[in-house]
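Quick notes on the structure that follows.
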Amino acid sequence: MDIIKSIEHEQLKNKIPELKVGNTVKVHVRIKEGNKERIQIFEGIIIKVQGGGVNKTFTVRKISYGVGVEKTFLVHSPLVEKVELVRVGKARRARLFYLRDRVGKSAKTKEMVGARIEDKEITIKEDLAEEPIVEETTEVVENVETVEAETTSNETTPVVEEVKEEAPATETEVKEEDKKAE
């Protein structure tokens, strides 16, 4: 594996939220102020999702005190605690830049009728359990062979009778066998 790809793979989160353009989300962001740390929630509409891998980003837009505010977040950033889905929006475009010109109700997306609000997560990488490394030596192989020999000598093998299929008997042969049986 390439060195850069291996380093990037270490930085990926195990599970990421399913992000779709038009959805209203709450992004929980870790903020450091001096030596204190707190979590701040940024709620808005996802207007753009771009990139892939470690560089995957999504942009969230909200209107705060009459001013449009957009923030771009890295999906795999350790500063992004979690992303909660608030509303499933209906979008027919990949980028919703037209919302920048709008204010009020028109700056929202239509809600998908009957959509369930579920925080779906996509599993990026599985937690690999460390498997114990078994060293094979000639002694182990010899022990296995002796154990196999002992088990075959001690066990009784069931006898299976073979059934041969014969051609259908003629009527005269059937009558002769009946006479012999009587």
Side-chain angles (χ1 to χ4, degrees), residues 1-137 140-141 144:
M1 185 184 255
D2 189 19
I3 295 171
I4 295 173
K5 286 185 181 179
S6 64
I7 293 172
E8 284 182 354
H9 187 71
E10 292 173 5
Q11 301 300 319
L12 292 176
K13 288 183 178 178
N14 292 338
K15 294 182 180 180
I16 61 169
E18 185 177 344
L19 304 168
K20 290 188 178 179
V21 175
N23 291 350
T24 304
V25 293
K26 285 183 182 179
V27 183
H28 296 257
V29 185
R30 187 180 297 144
I31 293 180
K32 261 190 167 179
E33 294 174 338
N35 57 1
K36 293 182 181 178
E37 218 176 68
R38 65 184 178 89
I39 293 179
Q40 184 176 15
I41 298 174
F42 189 87
E43 183 176 351
I45 298 174
I46 298 176
I47 63 168
K48 161 174 85 167
V49 177
Q50 69 180 21
V54 176
N55 300 323
K56 186 172 185 176
T57 61
F58 63 102
T59 304
V60 180
R61 177 179 174 81
K62 76 173 185 177
I63 296 177
S64 178
Y65 298 103
V67 179
V69 179
E70 291 181 5
K71 278 191 178 182
T72 303
F73 300 100
L74 279 166
V75 173
H76 295 283
S77 172
L79 298 178
V80 176
E81 281 292 313
K82 66 179 179 176
V83 180
E84 283 183 49
L85 183 63
V86 176
R87 212 173 125 230
V88 179
K90 183 177 180 181
R92 296 176 63 178
R93 300 182 183 196
R95 310 262 166 102
L96 303 181
F97 293 148
Y98 67 88
L99 294 179
R100 292 175 175 164
D101 300 332
R102 299 186 178 188
V103 181
K105 284 187 178 180
S106 63
K108 295 182 180 180
T109 56
K110 289 185 178 180
E111 190 169 357
M112 289 276 269
V113 178
R116 292 185 179 178
I117 298 175
E118 297 177 358
D119 288 332
K120 294 182 182 176
E121 290 187 337
I122 302 168
T123 304
I124 299 294
K125 58 183 182 179
E126 304 262 340
D127 292 332
L128 300 175
E130 293 182 20
E131 297 178 7
I133 300 172
V134 179
E135 295 179 14
E136 294 183 27
T137 60
V140 173
V141 173
V144 170

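Computed from a prediction, not measured in an experiment: that's the story for all the values here.
Just one of Leu19, Val54, Thr57, Val49 meets the side-chain contact (heavy atoms from CB on, under 4.5 Å) condition when paired with Val75; it is Leu19. When each of Val27, Ile47, Leu74 is paired with Phe58, the side-chain contact (heavy atoms from CB on, under 4.5 Å) condition holds for Val27 and for no other.
Taking the salt bridge (charged side-chain N to carboxylate O under 4.0 Å, His left out) definition, one finds that Lys62 meets it with nothing, sequence neighbours left out. Residues satisfying the salt bridge (charged side-chain N to carboxylate O under 4.0 Å, His left out) test with Lys26, not counting sequence neighbours, are none.
For the atom pair CD of Gln11 and CG of Asn55, the computed distance is 11.5 Å after rounding to the nearest 0.5 Å. With rounding to the nearest 0.5 Å, the separation of CG in Leu12 from CD1 in Ile7 is 12.5 Å. Atom-to-atom distance recorded for His9:NE2 and Asp2:CG is 13.5 Å, nearest 0.5 angstrom. Distance check, rounded to the nearest 0.5 Å: NZ of Lys56 to CD1 of Ile16 gives 4.5 Å. Distance check, rounded to the nearest 0.5 Å: NE2 of His28 to CD of Glu43 gives 9.0 Å. Rounding to the nearest 0.5 angstrom, the gap separating the NE2 atom in His76 from the CG atom in Asn14 is 10.5 Å.
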In residues 91-107, what donor-acceptor pairs under 3.5 Å come from side-chain atoms, sequence neighbours left out?
{"unit_1": "Arg100", "atom_1": "NE", "unit_2": "Glu70", "atom_2": "OE2", "d": "2.8"}
{"unit_1": "Arg100", "atom_1": "NH2", "unit_2": "Glu70", "atom_2": "OE1", "d": "3.1"}
{"unit_1": "Ser106", "atom_1": "OG", "unit_2": "Val103", "atom_2": "O", "d": "3.1"}

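Annotation: Ile31, atom CD1; neighbour count of heavy atoms from other residues, nucleotides and ligands within 6.0 Å is above 12.
Within the 3.5 Å criterion, the main-chain N or O of Gly89 finds a donor-acceptor partner in the side chain of Asn23. Side-chain atoms of Thr109 come within 3.5 Å of backbone N or O of Gly22 as a donor-acceptor pair.
Summarising the geometry of Glu121 relative to Lys15, their closest heavy-atom pair is OE1-CD, 3.3 Å, with the distance given to 0.1 Å. Closest approach of Phe73 to Val29, counting heavy atoms only: CE2-CG2, 3.4 Å.
Under the 4.5 Å side-chain criterion, counting only non-hydrogen atoms from C-beta, Val80 is in contact with Lys13.
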